[in-house]
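Heads up, the thing below is written out as C-alpha cells.
Computed over heavy atoms, backbone and side chain alike; hydrogens, waters and symmetry mates excluded.
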Amino acid sequence: IDLPQSGNLELMKMAVFNDLNGNGIPEAGETITYTFTVKNIGSVTISNITINDPMVTVTGGPISLAPDAKDNTTFRAVYTVLQSDIDAGQVSNLAIVSGKTPDGTLVTAASDDPMTATPRDRTITPLPQSGKLDFKKTAVFNDENGNKTAEAGETITYSFIVKNTGSVTIKGITINDPLVAVTGGPIDLAPNASDSTTFKAVYKLTQDDVNAEGVTNQALVIGTEAGGIPIAAVSDDPSTPAPEDSTVTLLQPHGAISLKKKGEFNDINGNGSAEAGETITYSFEISNTGAVDLLNVALDDQLEGIVITGKTIPVLAVGATDSTTFKGTYTLTQADINRKQVDNQAVVSANTVKGQKVLAKSDDPLTAAVEDATVIHLKACELIVYDIVSPDGDGKNEELVIEGLDCYTSNKVEIYNRWGIKVFEMENYGTNGNAFNGYSDGRATYKRGQKLPTGTYYYILLVIDSNNTIHEKTGPIYVITD
C-alpha cells in the first residue's frame with residue numbers, strides 16, 4: 001500500500017536590536033540578532049535543512065527534523081546596522097528555509113514574523129530615528145583701523161560650526177541669522193559629521209551697537225531628516241557654560257570729549273586799557289572725539305564771578321562739535337588789573353549711553369600746550385606824567401598832563417621845589433579843568449596865583465584803585481616860565 005507523503009516546513013524569524021552603547025538610539029555599527037525556529041509540519045522526515053537569508057549570513061545546520069519536530073537553537077545570525085537602515089527607520093527582510101524529503105523532493109518555506117498575524121510576512125526591526133543638530137556660533141571683532149577701540153563701520157566676523165549629533169543623515173542644512181546675511185550651504189551631514197567652514201557672515205557695526213558696547217544675537221540652523229521631517233536648533237555661544245545662549249560680542253569703545261576755551265576782552269570805554277568793571281567774553285567749543293555718542297554734556301567753570309549761560313546738551317554725536325550752547329561773561333576786578341591777566345580752566349563732562357563718565361579740562365587753542373589754562377593778558381592803565389610845563393600861550397605843554405588817572409577812583413598831586421617846599425597840591429587832579437600850569441596855589445613861600453620861577457620841581461602822585469589800594473608815583477618836572 002502506498003501512503004501519500006507530505007513534506008512541509010515552517011520558519012519563524014525573530015529579531016532583537018542590540019544597543020551596544022546603551023544610549024537608547026539606534027546607530028550605524030550596532031547590531032540585530034536574528035533567531036530562527038524551524039518546524040517540520042509535514043508527514044515525512046526532512047533532512048539537509050538549511051536557512052538562507054539574502055541580508056545576513058546564517059550560522060548553523062544543516063539539520064534533519066522528523067514530522068512535528070522543531071529546532072530553535074541551531075540557526076543564528078547577526079546583522080550590522082547600516083546608516084541607510086537608520087535613515088530608513090527600519091530593517092526589513094525575509095529568510096528562506098529549505099530541505100529534502102526521503103525521495104529527494106526539495107521543500108522550501110519563507111520565514112514568518114511571529115509578532116504579526118500576517119502569515120509568512122517579512123521580519124521588521126524598527127529603528128527609532130533621532131534627528132538632532134548641535135550649532136555653535138563664534139564672533140571676532142575686527143579693529144580695522146588698529147586704534148584699539150570699536151567704531152561704527154568696523155566689523156564682526158561670525159563663524160558657525162554645525163554638527164549632526166543624531167542618528168540619521170540630515171539634508172539641506174541652512175542657517176538663518178536675523179542680524180546678518182549668512183553665506184554658504186545648503187549641506188548634508190551624516191551622523192557625527194560636523195562642518196566649520198561652509199557658513200560665514202560679516203556684520204558691520206552701527207553707532208547704536210557701539211553705544212551699547214556690544215552685539216548680542218542668535219542664529220537658527222534648519223535641515224530635514226528622512227521623510228522630510230524638519231530638524232532645527234538655535235545657536236550656542238561656546239565661550240559660556242550656558243546651553244543654546246546668544247552669542248555676545250563685547251565692544252570696548254573709547255568715550256572722549258574735548259573743550260576749547262577762548263576769551264575776548266571787551267574795552268567798554270574804548271581807552272585801550274583794561275579797567276575794573278570791564279568784561280571778558282568766553283566762548284566754548286565742545287567736541288565728541290570718542291567712538292560713542294555722549295549724553296548730558298555739561299560745562300563747569302570755577303572762575304569766581306563768571307556767569308555761564310547755556311543748558312546741558314542732551315546728545316552730542318560722535319564727531320559732532322558744539323560751539324554755540326555755552327557762553328561766559330566775566331567782570332574784571334582790580335585784582336585782575338593788578339595781575340595784568342586772567343587765567344583759568346573750565347571742565348566739560350558727559351556720560352556714555354552705558355553710564356561711563358567722560359571728563360576733559362579746557363584747552364587754550366592759541367597755544368601748543370594740551371589742556372592748558374586760557375590766559376587773557378590785560379593792558380592795565382599806565383600812569384604817564386609829561387614832565388615839561390611851559391605856560392607861554394603857544395598851546396604846547398601849557399599845563400602838567402597826567403594820563404591814566406581815569407583808571408583810579410581818586411588821586412592827589414603834590415609839587416615841591418628843589419628845597420622841598422610844597423608849591424602845589426590838588427585832589428582829583430585833572431577834573432573840571434583843574435591842573436598845574438606853572439603857578440603856585442598859595443603855599444608858604446609863594447602866594448596863590450604867583451608864577452613860579454623856571455626850574456626843576458618834583459611831583460608826588462598818589463592814586464587809589466577800586467580795592468582802596470594806594471599807588472605812588474614820583475619824579476621831576478621842568479617848569480619854564482621865562
Side-chain angles (χ1 to χ4, degrees), residues 13-36 53-59 76-95 111 113-116 118 121-138 159-177 182 184-199 218-238 240-247:
K13 178 180 180 180
M14 295 283 293
V16 175
F17 169 70
N18 303 303
D19 184 10
L20 300 180
N21 60 13
N23 67 352
I25 300 173
E27 297 173 338
E30 295 185 313
T31 59
I32 298 173
T33 299
Y34 291 105
T35 59
F36 303 89
D53 193 317
M55 193 175 69
V56 67
T57 300
V58 180
T59 62
R76 289 283 187 274
V78 176
Y79 174 71
T80 301
V81 175
L82 303 176
Q83 185 57 50
S84 58
D85 301 323
I86 304 295
D87 293 342
Q90 65 179 24
V91 174
S92 173
N93 81 314
L94 199 69
S111 65
D113 185 348
M115 304 303 295
T116 71
T118 304
D121 58 336
R122 301 174 72 85
T123 298
I124 296 176
T125 309
L127 300 174
Q129 294 174 320
S130 172
K132 189 176 182 182
L133 291 171
D134 180 77
F135 183 27
K136 299 192 183 302
K137 176 181 179 180
T138 59
S159 300
F160 304 91
I161 302 175
V162 183
K163 183 177 182 180
N164 184 344
T165 56
S167 63
V168 294
T169 299
I170 298 178
K171 298 182 177 182
I173 297 171
T174 59
I175 293 175
N176 178 47
D177 195 316
V182 179
I187 61 170
D188 301 337
L189 285 178
N192 293 316
S194 65
D195 180 279
S196 60
T197 60
T198 298
F199 301 101
Q218 203 165 29
L220 180 71
V221 63
I222 303 174
T224 56
E225 64 176 36
I229 299 173
I231 302 296
V234 294
S235 62
D236 173 71
D237 185 347
T240 71
E244 295 187 342
D245 58 333
S246 297
T247 298

*Does one side chain, of Asp85 or Tyr79, offer a donor that lies under 3.5 Å from an acceptor on the other?*
yes
_Asp188 and Thr169 side chains, donor-acceptor separation under 3.5 Å_ =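 No, because no side-chain N or O of Thr169 sits under 3.5 Å from a partner of the opposite role on Asp188.
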_Neighbour count >12 (heavy atoms, 6.0 Å) for atom NZ, Lys136_ = yes
Backbone N/O of [Y] and side chain of [X]: donor-acceptor pair under 3.5 Å:
X      : Y      : result
Ser159 : Thr138 : no
Glu225 : Gly131 : yes
Ser167 : Ser130 : yes
Asn18  : Leu20  : no

For the [atom1] atom of [X] and the [atom2] atom of [Y], what is their distance to the nearest 0.5 Å?
X      : Y      : atom1 : atom2 : answer
Glu27  : Ile86  : CD    : CD1   : 7.5 Å
Leu220 : Phe135 : CG    : CZ    : 7.5 Å
Leu127 : Ile25  : CG    : CD1   : 12.5 Å
Ser235 : Leu133 : OG    : CG    : 12.5 Å
Ile32  : Gln90  : CD1   : CD    : 10.0 Å
Asn164 : Ile173 : CG    : CD1   : 6.5 Å

*Give the intermediate values and the outcome of side chain to side chain contact (heavy atoms under 4.5 Å, CB included) for residues Glu30 and Asn21.*
CA-CA 8 Å; Glu30 295 185 313; Asn21 60 13; 3.1 Å; yes
Looking only at heavy atoms, what is the nearest atom pair of [X] and [Y], with distance?
X      : Y      : value
Phe36  : Ala77  : CE1-CB, 4.0 Å
Gln218 : Asp245 : NE2-C, 3.5 Å
Tyr34  : Ala15  : CE2-CB, 3.4 Å
Phe17  : Pro26  : CZ-CA, 3.5 Å
Val78  : Thr31  : CG1-CB, 3.8 Å
Ile175 : Val162 : CD1-CG2, 4.0 Å

*Hey, is Asp134 close enough to Lys132 for a salt bridge, meaning N to O under 4.0 Å?*
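A salt bridge is absent here (no side-chain N lies under 4.0 Å from a carboxylate O).
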*Are Lys137 and Asp177 close enough, and set up right, to give a side chain to side chain contact (heavy atoms under 4.5 Å, CB included), and what steps lead you there?*
CA-CA 10 Å; Lys137 176 181 179 180; Asp177 195 316; 2.6 Å; yes
*Qualifying residue for side chain to side chain donor-acceptor pair (under 3.5 Å) with Lys13, from Thr123, Asn93, Asp121*: Asn93
